[in-house]
Amino acid sequence: MYNLTKGALDEIMNGVDIKKPVLQILGYKKIPSSINTDDRYRLLLSDGDRLNSFTMLVTHLNHLITNNSLTQYTVCKILNYALTSVNNNGKERRIMLILDIEVLFPGNEVGYKIGNPTNTDNKSRLEYVTTSNTSTATSCQTSNSTIEKNILNHDTSSTSFYINHSISTIPIAILSPYQNRWIIKARVTNKSAIKTWSNSRGEGKLFSMDLIDESGEIRCVAFNQQCDNFYHLIDVGNVYYISRCKLKTANKQFSTLKNDYEMTITDDTMISPCHKNCDNIPMQQFDFCPISQVESKEQNNLIDVLGVVTTFNDIQHITQRTTGKELIKRDINLIDDSGAMICVALWGKEAEDFDGFNNPILAIKGARVGEFNGGKNLSLINSSVLKKDPDIPEAHKLRKWYAAANHLENVKFLSRSSGGDFNTPLYTFREMTEAQLGGKLNFTDLYKVVATINLIRVENSVYKACPIDSCRKKLIDQSTGIFRCEKCNKDYPNFVYRLLANMNIADATGNRWVIAFNEVAEKILGISAQELGELKENDNDDYMEKLNEANFKRFIFSLRVKSEVFQDEMRIKHTCTSVVPLNYKTHLTYLIDEVSKVVHIEKLESN
DNA sequence: CCCCCCCC
């Protein structure tokens, strides 16, 4: 009824590569773990003849235990495993590390122990084992040092020396601070730039890289001298033999890599390129989260996404508030077949060099989830990896999806920019009036309009305001260096400049008088309230010129309609709540599904 | 030994 691969366990423990053995689970045990590390599970396996409990599940398969997929009597196929050894009270013990497993028959369906398996004897553990297949990597105390000398002291030109040898490497998944004298064979999937730091504990430089093999992944950091020694030897995408790094507990806060540890390069570390038999070492691994699901992710979560670039903004120069540091940022919009679109922030050189034309596909590992204006967004952080047009099946699938029509219909926009609100309609002035008359637009509703500034009223565009945050009323200048606030009923020696831009803006269908205050007015005028106030004080011509510069500027205005009674007359007031500059380079990120309308307006205006 | 990820 159930065909187990009889005799497989003994053979596996003796280093014979058994392809996909079928085994029965007779039990499992949680291995006590230290704080901050994942639990490890040890399985009791049977091949029908023999029992063996020196088997371990790789931690990223722990969910199979917790979701009860690997219960007693389960018959499963071991799709991939690695043989390794651990130090067990001074004795070397071979361990079968299960890297991938498929349940053939659930335990409750099988319901009994197959055959009458007996304990394997786990002796002869120190003999050297050759393996022709690197998937059954082995580690053996006695042979390691010789191999290390042979392979790692060679310069890169003579790497062919060891290519066909069975090098005793261990899987990344079992690296721990308690393992020494190991070698791993791993692919570098990401390499940071060299970074310098300076703090109370000292200063220095470092670079880090992400390493991956069949069993797992780990971050590796090189400081100072080692940073200089190794930085130029490492190429992203290549496979290396790496030995003798120091392991320490990883700080999960800064990395998405699935490993409890990270490693530091030491004086003794040796790194040697491996050019052959690397096909089994995986490339970058992603765990893509559908964009629609980002909505329910918590702030600061690190996630992987795959999406098509629909639009991208110009770079922005930003001053970091806390440090005054100049930052370069670029926002791009990603869409995927989950029907959602999200704004992703790139920083620094990555932002500067980014080319988003022709709708590239981006795979991003470890982007940070942020919240703004009630929406969600993503931001690349130091440890994030950005891959453009990756050659992976998911990307090809997404490309096909994007090439088909309708992908921008019914898109859910997860991000809210400060400029435009996706939820507000884009109207022409005529449409806005019709909407009001038709009862579609309430008097408190926001709407957007693409318009040009005809004229800014010069009078009162900048004024001296009450320094009290909650007041901000226009002060009466006593001409004695004392300013009176009638609202507070107080005199102040100081004031703050505030802006009030009273503008006439027009599109092809009409025009309106609108008012923009402070931050929004600063954006429109391209000058801070303080600067404009000083300009007005010092040089009226410069002040006038600055204001006139704003004429004929084009924006997407977000406007709020408000009615008020003024001198017994009902008036409608339009307040500008935000603006997005419209220039030929700006991609209208927030207007994806309304681009045709913008184009339509532009045509009208050019007539 | 480092990086807590920037801005609207």
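Chain letters run A, B, ... following the sequence lines, proteins first and then strands; every chain starts at 1. Quick caveat: nothing in here was measured; it's all calculated off a predicted structure.
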For [X] and [N], what is the distance between atoms [atom1] and [atom2] respectively, to the nearest whole Å?
{"X": "N251(A)", "N": "dC3(B)", "atom1": "CG", "atom2": "P", "answer": "12 Å"}
{"X": "N300(A)", "N": "dC4(B)", "atom1": "CG", "atom2": "C1'", "answer": "9 Å"}
{"X": "I318(A)", "N": "dC5(B)", "atom1": "CD1", "atom2": "C1'", "answer": "12 Å"}
{"X": "E326(A)", "N": "dC6(B)", "atom1": "CD", "atom2": "C1'", "answer": "12 Å"}
{"X": "W347(A)", "N": "dC4(B)", "atom1": "CH2", "atom2": "C1'", "answer": "14 Å"}

N or O in side chain of [X] less than 4.0 angstrom from [N] OP1/OP2:
{"X": "T319(A)", "N": "dC7(B)", "value": "no"}
{"X": "R368(A)", "N": "dC6(B)", "value": "yes"}
{"X": "R201(A)", "N": "dC2(B)", "value": "yes"}

Aromatic W347(A) / basic R330(A) pairing, under 6.0 angstrom, 45° off normal: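 Here R330(A) fails the 6.0 Å and 45° test against W347(A).
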Under 4.0 Å between any heavy atoms, over every strand shown, what does [X] touch: base, sugar-phosphate, or nothing? Just pick one.
{"X": "K205(A)", "value": "nothing"}
{"X": "R330(A)", "value": "nothing"}
{"X": "K246(A)", "value": "nothing"}

Donor-acceptor pair between T452(A) and R554(A) side chains, under 3.5 angstrom: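 Note: T452(A) and R554(A) side chains meet the donor-acceptor criterion.
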Distance-only donor-acceptor check, side chains E522(A) and N518(A), under 3.5 Å: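 No, N518(A) and E522(A) have no side-chain donor paired with an acceptor closer than 3.5 Å.
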Side-chain donor/acceptor contact of E262(A) with base of dC2(B) under 3.5 Å: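 A donor-acceptor contact between them is present.
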Base of dC7(B) paired with side chain of K329(A) (donor-acceptor, under 3.5 Å):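 By the distance-only test, yes, there is a pair.
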pi-stack flag for W197(A) and dC1(B), centroid dist under 5.5 Å, interplanar under 30°: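 W197(A) ring does not meet the centre or angle cut-off for dC1(B); no stack.
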Face-to-face stacking of F223(A) with dC1(B), centres under 5.5 angstrom, angle under 30°: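 The ring of F223(A) is stacked on dC1(B).
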Residue pairs, two or more places apart or on separate chains, that pass salt bridge (Lys or Arg N to Asp or Glu O under 4.0 Å) and touch residues 220-235 of chain A: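 Matches after skipping sequence neighbours: K205(A)-D228(A).
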Set of salt bridge (charged side-chain N to carboxylate O under 4.0 Å, His left out) partners for E295(A), sequence neighbours left out: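 E295(A) satisfies salt bridge (charged side-chain N to carboxylate O under 4.0 Å, His left out) with K412(A) only.
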